[in-house]
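For reference, the structure discussed in these notes is given below.
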Amino acid sequence: MITDTLKNMEQYCGMHEGIDKIFSLLSSYDSENFTPGRVTVDGDALYLNFCEYEAHSAEGAQFEAHHRYADILYIVEGNE
């Protein structure tokens, strides 16, 4: 997992074309016009999933693992 801010996204560009596309979309994100839901970029291969949720405490939490996908978690407000 990489924990960073969008101001440093240039450091990760070029690692994978999907990362470049997602960062391009996130850089134009407007929280004033937030609409929860899935935004398809490239079918099931690349998509954004905008959601609101209450984070849980670390106590009792389980690790999350993905075999087919990489997550880029962009937190607008609060913390994970």
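The basis for the numbers below is simple: all heavy atoms, side chains too, and nothing from hydrogens, waters or symmetry mates.
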Would you check if the side chain of D30 reaches a backbone N or O of E32 as a donor-acceptor pair within less than 3.5 Å?
yes

Side-chain (H66) to main-chain (R68) donor-acceptor, under 3.5 angstrom = no

Should Y74 and L48 be marked as a side chain to side chain contact (heavy atoms under 4.5 Å, CB included) after you check the CA-CA gap, both sets of side-chain angles, and the distance that decides it? CA-CA 10 Å; Y74 176 54; L48 301 168; over 6 Å; no

Minimum heavy-atom separation for [X] and [Y], please, with both atom names.
X   : Y   : result
I22 : Y47 : CD1-O, 4.3 Å
S24 : S27 : O-OG, 2.8 Å
G43 : R38 : O-NH2, 3.4 Å
Y53 : C51 : CD2-SG, 4.0 Å
E52 : P36 : OE2-CG, 4.1 Å

Test side-chain hydrogen bond (donor to acceptor under 3.5 Å, both in side chains) on D4 and Y12 and set out the steps. CA-CA 10 Å; D4 209 336; Y12 308 101; 2.6 Å; yes

Can you tell me how far apart [atom1] ([X]) and [atom2] ([Y]) are? Round to the nearest 0.5 Å.
X   : Y   : atom1 : atom2 : answer
L26 : K21 : CG    : NZ    : 14.5 Å
I72 : N49 : CD1   : CG    : 13.0 Å
M9  : Q11 : CE    : CD    : 11.5 Å

Margin query: Checking E17 against L46 for the side chain to side chain contact (heavy atoms under 4.5 Å, CB included) test, could you report, in this order, the C-alpha distance in whole Å, the side-chain angles of both residues, the deciding distance, and whether it holds?
Written below: CA-CA 10 Å; E17 68 179 276; L46 188 63; over 6 Å; no

**Asked** F50 and V39: side chain to side chain contact (heavy atoms under 4.5 Å, CB included), yes or no, with the steps?
**Response** CA-CA 8 Å; F50 292 103; V39 176; 3.7 Å; yes

